[in-house]
**Student:** 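The structure is given below, and queries will be raised subsequently.
Excluded from the calculations below are hydrogen atoms, water molecules and symmetry mates; all remaining heavy atoms, backbone and side chain alike, are included.
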Amino acid sequence: MDPPVHAALFDRAALDRLAALADTDPTLVVRDFADPAVAGALAEAEALLTGWGCPPLTPEVLARMPRLRTVIHVAGSVKHHVTDACWERGITVASAAAANAVPVAEYTLAAILFSGKRVLHAAHAYREKRTRVNVLEVIGSGGNHRHTVGVVGASRIGRRVVELLRPYDMRVLLHDPYVDEDRVRALGAHPASLDVLAARSDTVTIHAPELPETYHLFDRRRLALLRDGTTVVNTARGSLVDSAALTEELVSGRLNAVLDVTDPEILPPDSPLYDLPNVLLTPHIAGSLGNELGRMAHAALDELERYVSGLPYADPVRPEQLTRSA
């Protein structure tokens, strides 16, 4: 992983726990597998703790680690560095994706509640007038009583969002092509096709993986199905939404959005989304940051402890999952 990532993830308590679990130098951070200075450590390595910035584990890289048996990723997706060569070698893989799902779901819940209450509109009106605002006029038909939320994707994050919404007086629709209707109901949601979900939701929140079949999942046609005033929340990947079509809808004022991800990842300086009163734009902050990183570190160390004890991983990653996950 990148050294700044290591410093942010592992505080003294986590480093001490790592040192107690394994024969390791808990301060050693490998950034380049070809660095001669780390060749000896790699040759002896049985387990790798990886994080953001880890280079791909290619056959050439794995050849430098003949004893490697497992990879534990101190973050979510392993697609950037776990290659077919890892599976062919029989290397087991685990990740802290479940721990990383927690703050994303919390961000999403906040986005749903604030957007339902028309907080962006009220704040903009107050900032513009700087005097008493007719809040009934600003809020209009907004509010969270019997609000309908459409959750796209029964991923870890999507399921957690459904769980967090249970205490609220809301109707939750859930679409996931890999989850049957009985399972959707067991999660506490109502099954719906994607088009029905789009047409009936007051807020649509996207938690599907970035795959070829999910590219522009919300294209111009599907965005047009959304009712006037619907809010689109995207904490997944920007490519799941047709950016040009969404921008047109947002500029017109017909839709609202809370966007933690966009396509491109960094919007050009002249993008209207920076200034629109009906858009909350954040720079990819929904995932683990600040003190939330410690949750991921200890989740990974929990998995390392299971490995050391000869127990199966609580959250293993399997190759067949990667065809339909982030």
**Student:** Assess whether side chain to side chain contact (heavy atoms under 4.5 Å, CB included) is satisfied between Leu174 and His190, documenting all intermediate values.
**Tutor:** CA-CA 6 Å; Leu174 176 60; His190 301 276; over 6 Å; no
**Student:** If every non-hydrogen atom of Ala189 is compared with every non-hydrogen atom of Val162, which pair is closest and at what distance?
**Tutor:**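 Answer, listing the atom of Ala189 first, then Val162: CB-CG1, 4.3 Å.
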**Student:** Given Val152, which of Val233, Thr205, Leu217 fulfils the side chain to side chain contact (heavy atoms under 4.5 Å, CB included) condition?
**Tutor:**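 Exactly one option meets the side chain to side chain contact (heavy atoms under 4.5 Å, CB included) with Val152, and it is Leu217.
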**Student:** Tracing side-chain links under 4.5 Å among I, L, V, M, F, W and Y, which residues wind up in one group with Val119?
**Tutor:**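 Its cluster partners, ordered by chain and number, are Phe114.
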**Student:** Would you say the side-chain atoms of Thr214 pair up with the backbone N or O of Leu211, donor to acceptor, closer than 3.5 Å?
**Tutor:**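 Yes, the answer is positive, given that a donor and an acceptor are paired below the 3.5 Å cut-off.
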**Student:** Regarding Thr83 and Thr58, do their side chains bring together a donor and an acceptor under 3.5 Å, going by distance alone?
**Tutor:**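 There is no such pair (donor and acceptor under 3.5 Å, judged by atom type) between the side chains of Thr83 and Thr58.
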**Student:** Decide yes or no on side chain to side chain contact (heavy atoms under 4.5 Å, CB included) for Cys86 and Leu62, but give the supporting numbers first.
**Tutor:** CA-CA 8 Å; Cys86 295; Leu62 292 177; 4.1 Å; yes
**Student:** Between Asp202 and Arg227, is a salt bridge (charged side-chain N to carboxylate O under 4.0 Å, His left out) present by the stated rule, with each step listed?
**Tutor:** CA-CA 8 Å; Asp202 299 299; Arg227 295 180 294 187; 3.1 Å; yes
**Student:** Hydrophobic clustering (ILVMFWY, side-chain heavy atoms < 4.5 Å, transitive) - are Val135 and Leu120 grouped together?
**Tutor:**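 Leu120 and Val135: separate clusters.
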**Student:** Using 0.5 Å steps for rounding, measure from the CG atom of Leu246 to the CG atom of Leu273.
**Tutor:**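 If we round to the nearest 0.5 Å, Leu246:CG and Leu273:CG are 7.0 Å apart.
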**Student:** Is a donor on one side and an acceptor on the other found under 3.5 Å between the side chain of Gln321 and the backbone of Arg318?
**Tutor:**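 A pair under 3.5 Å: yes.
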**Student:** Do His73 and Thr50 have side-chain atoms, one donor and one acceptor, less than 3.5 Å apart?
**Tutor:**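 Looking only at side-chain atoms, Thr50 and His73 do form a donor-acceptor pair, the distance falling under 3.5 Å.
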**Student:** Find out whether Val61 and Pro56 are in side-chain contact, i.e. whether some heavy atom of one side chain is under 4.5 Å from a heavy atom of the other.
**Tutor:**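 Not in contact.
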**Student:** Using the side chain to side chain contact (heavy atoms under 4.5 Å, CB included) criterion, which residues pair with Asp16? Sequence neighbours excluded.
**Tutor:**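 Counting only residues at least two positions away or on another chain, Asp16 forms a side chain to side chain contact (heavy atoms under 4.5 Å, CB included) with Arg12.
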**Student:** Could you tell me whether the side chain of Pro283 reaches within less than 4.5 Å of the side chain of Ile285, counting heavy atoms only?
**Tutor:**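 Yes, at least one pair of side-chain atoms sits under 4.5 Å.
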**Student:** Tell me, please, which residues at least two apart from Ala34 pass side chain to side chain contact (heavy atoms under 4.5 Å, CB included).
**Tutor:**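 Side chain to side chain contact (heavy atoms under 4.5 Å, CB included) check on Ala34 returns Asp32, Arg64.
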**Student:** Would the distance check show the side chain of Thr108 and the main-chain N or O of Val104 forming a donor-acceptor pair, the cut-off being under 3.5 Å?
**Tutor:**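 Pair found, side chain donor or acceptor close to backbone of Val104.
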**Student:** Are the side chains of Val258 and Thr231 in contact, using a 4.5 Å heavy-atom criterion?
**Tutor:**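 Yes, their side chains come closer than 4.5 Å.
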**Student:** Say you draw a straight line from CD of Glu265 to OG of Ser239; how long is it, rounded to the nearest 0.5 Å?
**Tutor:**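 Here the interatomic distance stands at 11.0 Å.
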**Student:** Test of understanding: with side chain to side chain contact (heavy atoms under 4.5 Å, CB included), list the residues that count as partners of Glu163, not counting sequence neighbours.
**Tutor:**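 Scan of Glu163 (side chain to side chain contact (heavy atoms under 4.5 Å, CB included), adjacent residues dropped) gives Arg160, Arg166.
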**Student:** Below 4.5 Å, heavy atoms only, C-beta onward: do Val232 and Phe218 meet side chain to side chain?
**Tutor:**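 A side-chain contact is absent here, since even the closest heavy-atom pair is not under 4.5 Å.
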**Student:** Going by distance alone, is a donor N or O of one side chain under 3.5 Å from an acceptor N or O of the other, for His147 and Asp169?
**Tutor:**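 Side chains of His147 and Asp169: no pair found under 3.5 Å.
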**Student:** Quick check for you: to the nearest 0.5 Å, what is the distance between Ile91 atom CD1 and Leu57 atom CG?
**Tutor:**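 Reported to 0.5 Å precision, the distance equals 7.0 Å.
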**Student:** According to salt bridge (charged side-chain N to carboxylate O under 4.0 Å, His left out), does anything in residues 281-304 pair up with another residue at least two apart or in another chain? List the pairs.
**Tutor:**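 Qualifying pairs, neighbours excluded: Arg17-Asp302, Glu303-Arg306.
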**Student:** Identify whether Leu28 and Met65 are in the same connected component of the hydrophobic contact network (ILVMFWY, side-chain heavy atoms under 4.5 Å).
**Tutor:**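 Yes, same cluster.
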**Student:** Suppose clustering is done on Ile, Leu, Val, Met, Phe, Trp and Tyr with side-chain heavy atoms closer than 4.5 Å. Which residues sit in the same group as Leu15?
**Tutor:**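 Met1, Val5, Leu9, Phe10, Leu18, Leu21, Val29, Leu49, Trp52, Ile72, Val74, Leu293, Met296, Leu301, Leu304, Tyr307, Val308, Tyr313, which link up through side-chain heavy atoms under 4.5 Å apart, make up the rest of the cluster.
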**Student:** Go through the steps to decide whether Val151 and Leu173 satisfy the test side chain to side chain contact (heavy atoms under 4.5 Å, CB included), and finish with yes or no.
**Tutor:** CA-CA 6 Å; Val151 178; Leu173 306 180; over 6 Å; no
**Student:** Where do Asp315 and Arg156 land on the salt bridge (charged side-chain N to carboxylate O under 4.0 Å, His left out) test, with the steps shown first?
**Tutor:** CA-CA 11 Å; Asp315 199 8; Arg156 291 180 180 87; 2.8 Å; yes
**Student:** For residues Leu109 and Leu165, determine if any side-chain heavy atom of one lies less than 4.5 Å from a side-chain heavy atom of the other.
**Tutor:**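 A side-chain contact under 4.5 Å exists here.
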**Student:** Check this for me, if you would: do Arg185 and Asp182 make a salt bridge, where the nitrogen-to-carboxylate-oxygen distance has to be below 4.0 angstrom?
**Tutor:**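 A salt bridge links Arg185 with Asp182.
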**Student:** Walk me through it: do Thr148 and Ser201 pass the test side-chain hydrogen bond (donor to acceptor under 3.5 Å, both in side chains)?
**Tutor:** CA-CA 5 Å; Thr148 298; Ser201 297; over 6 Å; no
**Student:** Just by distance, with hydrogens left out, do Thr282 and Asp260 show a side-chain donor and acceptor under 3.5 Å apart?
**Tutor:**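 On atom types as modelled, these side chains qualify, holding a pair under 3.5 Å.
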**Student:** To the closest 0.5 Å, what do you measure between SG (Cys54) and CG (Leu48)?
**Tutor:**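 One finds 7.0 Å between SG of Cys54 and CG of Leu48.
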**Student:** Can you list every salt bridge (charged side-chain N to carboxylate O under 4.0 Å, His left out) pair that touches residues 88-110, not counting sequence neighbours?
**Tutor:**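 As it turns out, there is no salt bridge (charged side-chain N to carboxylate O under 4.0 Å, His left out) pair with a partner in residues 88-110 once direct neighbours are skipped.
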**Student:** Enumerate the ring pair (Phe, Tyr, Trp, His ring centres under 6.0 Å) contacts for residues 157-179, please, sequence neighbours excluded, ordered by first and then second residue.
**Tutor:**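 Listed once each, the pairs would be none.
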**Student:** Asn100: what forms a side-chain hydrogen bond (donor to acceptor under 3.5 Å, both in side chains) with it, not counting sequence neighbours?
**Tutor:**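 Asn100 satisfies side-chain hydrogen bond (donor to acceptor under 3.5 Å, both in side chains) with Ser288 once adjacent residues are dropped.
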**Student:** Are Val149 and Val161 linked, directly or through intermediate hydrophobic residues, by side-chain heavy-atom contacts shorter than 4.5 Å (ILVMFWY only)?
**Tutor:**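 Yes: a chain of side-chain contacts under 4.5 Å links Val161 to Val149.
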**Student:** How long is the span from the CG atom in Asn278 to the CG atom in Leu255, to the nearest 0.5 Å?
**Tutor:**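 With rounding to 0.5 Å, CG (Asn278) is 8.5 Å from CG (Leu255).
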**Student:** So which pairs with a foot in residues 240-250 pass side-chain hydrogen bond (donor to acceptor under 3.5 Å, both in side chains), sequence neighbours left out?
**Tutor:**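 Counting only pairs at least two positions apart or across chains, the side-chain hydrogen bond (donor to acceptor under 3.5 Å, both in side chains) contacts touching residues 240-250 are Arg220-Glu248, Glu249-Arg254.
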**Student:** Linking I/L/V/M/F/W/Y whenever their side-chain heavy atoms sit closer than 4.5 Å, directly or via other members, would Leu259 and Leu280 fall into one cluster?
**Tutor:**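 In one cluster: no.
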**Student:** Between Asp195 and Arg221, does any NZ, NE, NH1 or NH2 come within less than 4.0 Å of an OD or OE carboxylate oxygen?
**Tutor:**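 Yes, this pair counts.
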**Student:** Applying salt bridge (Lys or Arg N to Asp or Glu O under 4.0 Å), can you list everything that pairs with Arg171, at least two apart in sequence or on another chain?
**Tutor:**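 Salt bridge (Lys or Arg N to Asp or Glu O under 4.0 Å) check on Arg171 returns nothing, list empty.
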**Student:** Taking C-beta and beyond as the side chain, do Val241 and Ile206 meet within less than 4.5 Å on heavy atoms?
**Tutor:**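 Heavy-atom side-chain distance check passes, below 4.5 Å.
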**Student:** Between Leu113 and Met170, is there a side-chain heavy-atom distance shorter than 4.5 Å?
**Tutor:**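 Met170 vs Leu113: side chains touch.
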**Student:** When clusters are formed by joining ILVMFWY residues with side-chain heavy atoms under 4.5 Å apart, either directly or through shared neighbours, do Leu281 and Leu276 land in the same one?
**Tutor:**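 Yes, Leu281 and Leu276 fall within the same hydrophobic cluster.
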**Student:** Calculate, to the nearest 0.5 Å, the distance between atoms CG and CG belonging to Leu42 and Leu68 respectively.
**Tutor:**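 Spacing of CG (Leu42) from CG (Leu68) equals 9.0 Å.
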**Student:** Please step through side chain to side chain contact (heavy atoms under 4.5 Å, CB included) for the pair Asn256 and His121, ending with a clear verdict.
**Tutor:** CA-CA 10 Å; Asn256 313 303; His121 299 76; 3.2 Å; yes
**Student:** Is the count of non-hydrogen atoms from other residues, nucleotides or ligands lying under 6.0 Å from Tyr126 atom OH greater than 12?
**Tutor:**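 No, OH of Tyr126 has 12 or fewer neighbouring heavy atoms, counting only those of other groups under 6.0 Å.
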**Student:** Name all residues meeting the side chain to side chain contact (heavy atoms under 4.5 Å, CB included) criterion together with Asp23; count only those two or more places apart in sequence or in a different chain, and write none if there are none.
**Tutor:**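 Listed in chain order: nothing, the list is empty.
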